[in-house]
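Here is the structure we will look at, set down as structure tokens.
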Amino acid sequence: MPELPEVETVVRSLEQHLAGLEITAVDLHMPKVIRHPRPEIFTEEIVGKQFLKKLGRRGKYILLNLTDGLTLVVHLRMTGRLVYCVAETPLEKHTHVVFHLNNGQHLRFTDIRQFGRMSLLPTNQVSEMSGIKDLGPEPLDTSFTREFLKKEFRRRRTRVKPLLLDQSFIAGLGNIYADEALFRAKVHPERLAAELSPREVAALHKSIVEVIAGGIKHRGTTFRDYVDGEGRSGSFQHHLKVYNREGLPCSNCGKSIERIKVGGRSSYYCPYCQKK
DNA sequence: CCCGGCGCCTGAGGGC
DNA sequence: TGCCCTCAGGCGCCGG
């Protein structure tokens, strides 16, 4: 389930391969993944364009910048993969889009669950795209300050876990990194955001930044589906303290990690270290 | 504003 | 070398 660190890793790994390459043809095996424009127009417009040196990311959205002022926006959702590979690589099952490149290689989009989507639009319209327009600050941006978190938490009437998953509040956190950040800050996922102490908010701010930076440093978390732009797994799963660790001992106190539903999502936490 | 629930999908894993 | 059911969770959408 690609979250900010996974998406950032994909972008960085693709950047070094795609710069300057031209898209010569597109095989569209699953037209519904193209959200905009209509599939036929999509192919027509993207063929002949080259990837720029600098690709981008906003929240969990991959921004593949192209010549002629266009950007290919890709969201991997749950099981999507965007991988650069030699053309001879056997077509993996669930390969929905193949971009042929002028060096004979491929950029392939595969997605078991078919939730992932892509759009082609003018670069200057990306920030206004639905899904991107309302994103909150990037956790690693200078705009994501302790004061921002304090101010926003104070006026929200919701529990802290769903708030961390709300992309219009902070961009890029998903279930894994939200649970890890809460554990490291010793905050119970069901606590009301407005009721956190200044000390807790400060700790949570710090732990969000640390856990996201740690995820990027270890090239993402791979449980099953996630790989980077070269098909390589990440290793942050070895550094997780609570996520997917139900019944295992807490690294801090030794008590058993528990799983509850908060806002309809699994939340892993330590009932001793993260008191309600 | 805020919440819960559904739909989209496939495959893994548990119970029997 | 089964079968059925639940669940995994990102996001858009809908209704209360």
Side-chain angles (χ1 to χ4, degrees), chain A residues 1-10 29-36 57-63 73-82 91-97 109-119 126 128-136 138-139 151-182 189-195 211-212 215 220-227 233-234 236-237 240 242-248 257-269:
Chain A
M1 40 225 96
E3 306 178 26
L4 191 160
E6 289 74 33
V7 175
E8 179 65 24
T9 304
V10 169
H29 302 289
M30 179 79 72
K32 75 169 181 184
V33 309
I34 311 299
R35 228 183 143 170
H36 179 86
R57 178 193 58 74
R58 179 72 175 98
K60 301 173 193 170
Y61 289 84
I62 296 167
L63 310 176
V73 181
V74 182
H75 198 302
L76 302 173
R77 294 286 185 100
M78 301 292 301
T79 55
R81 293 177 167 187
L82 201 54
L91 261 206
E92 201 186 324
K93 203 177 166 187
H94 307 296
T95 300
H96 305 320
V97 186
F109 174 73
T110 66
D111 187 0
I112 293 174
R113 296 178 66 181
Q114 305 172 21
F115 288 170
R117 292 292 182 264
M118 58 181 78
S119 295
V126 168
E128 290 306 307
M129 195 186 97
S130 81
I132 291 185
K133 179 170 38 123
D134 298 321
L135 289 175
E138 290 285 330
K151 196 165 145 244
E152 285 296 314
F153 272 17
R154 212 181 303 140
R155 69 182 193 87
R156 303 281 185 144
R157 301 261 182 283
T158 184
R159 290 169 296 176
V160 65
K161 171 74 186 283
L163 194 49
L164 295 185
L165 294 177
D166 180 349
Q167 301 300 296
S168 68
F169 177 62
I170 316 177
L173 286 182
N175 215 27
I176 298 172
Y177 293 93
D179 279 358
E180 292 299 313
L182 288 168
E190 289 181 308
R191 292 278 302 284
L192 291 178
E195 294 178 359
V211 94
I212 290 293
T221 301
T222 298
F223 280 117
R224 167 158 284 108
D225 301 296
Y226 166 72
V227 292
S233 295
F236 197 63
Q237 62 277 14
L240 299 178
V242 286
Y243 186 82
N244 206 33
R245 293 181 51 81
E246 184 180 17
L248 295 173
I257 301 300
E258 288 186 9
R259 174 162 71 150
I260 55 171
K261 289 275 184 193
V262 184
R265 309 287 187 72
S266 283
S267 288
Y268 297 89
Y269 74 108

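Every chain is numbered from 1 and lettered A, B, ... according to where its sequence line falls, protein lines coming before strand lines.
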pair [X]-[Y]: side-chain heavy atoms closer than 4.5 Å:
| X | Y | answer |
| --- | --- | --- |
| A:Leu63 | A:Ile132 | yes |
| A:Met118 | A:Ile34 | yes |
| A:Val33 | A:Asp111 | no |
| A:Leu173 | A:Ile212 | yes |
| A:Glu180 | A:Thr221 | no |

Check the distance between [N]'s [atom2] and [X]'s [atom1] and give it to me in whole angstrom.
| X | N | atom1 | atom2 | answer |
| --- | --- | --- | --- | --- |
| A:Tyr268 | C:dA8 | OH | C1' | 8 Å |
| A:Leu135 | C:dG12 | CG | C1' | 14 Å |
| A:Leu165 | C:dA8 | CG | P | 14 Å |
| A:Asn175 | C:dC11 | CG | P | 12 Å |
| A:Leu76 | C:dG10 | CG | C1' | 11 Å |
| A:Glu246 | C:dA8 | CD | P | 10 Å |

**Prompt:** Quick one: on DNA chain C, does A:Arg113 or A:Ile132 contact a more 5' nucleotide (nearest heavy atom)?
**Reply:**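 Final value for this comparison: A:Arg113.
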**Request:** Please check the phosphate of C:dG10 (OP1 and OP2 only) for any side-chain N or O of A:Gln167 closer than 4.0 Å.
**Result:**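 It does not, given that no N or O in the side chain of A:Gln167 lies less than 4.0 Å from OP1 or OP2 of C:dG10.
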**Asked** Between C:dC11 and A:His75, is there an OP1 or OP2 to side-chain N/O distance shorter than 4.0 Å?
**Response**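 Looking at the OP1 and OP2 atoms of C:dC11, one of them is under 4.0 Å from a side-chain N or O of A:His75.
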**Message:** Can you give me the first and the last nucleotide of DNA chain B (5' to 3') that has an atom within less than 4.0 angstrom of a non-hydrogen atom in chain A?
**Reply:**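 Contact span on the strand: B:dC2 to B:dG13.
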**Message:** Measuring only the P atom in each nucleotide, how far is C:dC3 from B:dC9? A whole number of Å is fine.
**Reply:**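 Here C:dC3 and B:dC9 have their P atoms 25 Å from each other.
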**Whole-angstrom distance between C:dC7 and B:dG5, as gauged at atom C1'** =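 Those two atoms are separated by 16 Å.
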**Message:** In this structure, is the centre-to-centre distance between the rings of A:Phe236 and A:Tyr226 below 6.0 Å?
**Reply:**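 No, ring centres 6.0 Å or more apart.
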Would you indicate what [X] reaches in the nucleic acid, counting non-hydrogen atoms under 4.0 angstrom: base, sugar-phosphate, or nothing?
| X | result |
| --- | --- |
| A:Arg156 | sugar-phosphate |
| A:Tyr61 | sugar-phosphate |
| A:Thr79 | nothing |

**Message:** Check A:Glu195 with A:Arg191, please: is the shortest side-chain N to carboxylate O separation under 4.0 Å?
**Reply:**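 Salt bridge between A:Arg191 and A:Glu195, a charged N being under 4.0 Å from a carboxylate O: no.
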**Request:** Look at the rings of A:Tyr268 and A:Tyr243 and say which category their plane angle falls in: under 30° parallel, 30 to 60° tilted, over 60° perpendicular.
**Result:**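 The rings of A:Tyr268 and A:Tyr243 stand perpendicular, inter-plane angle above 60°.
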**Prompt:** Run the side chain to side chain donor-acceptor pair (under 3.5 Å) check on A:Arg259 and A:Ser266 step by step: do they pass?
**Reply:** CA-CA 6 Å; A:Arg259 174 162 71 150; A:Ser266 283; 3.2 Å; yes
**Fill in**
A correct dot-bracket answer for DNA chain C, with pairs being Watson-Crick or G-U at under 3.5 Å, [ ] for crossing pairs and | for inter-strand pairs, is .|||||||.|||||||
**Nearest-nucleotide comparison on DNA chain B, the residue closer to the 5′ end among A:Arg224 and A:Arg77** =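 Per heavy-atom nearest nucleotide, the more 5' residue is A:Arg77.
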**Asked** Can you tell me how far the CG atom of A:Leu4 sits from the CZ atom of A:Arg58, to the nearest 0.5 Å?
**Response**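 If we round to the nearest 0.5 Å, A:Leu4:CG and A:Arg58:CZ are 9.5 Å apart.
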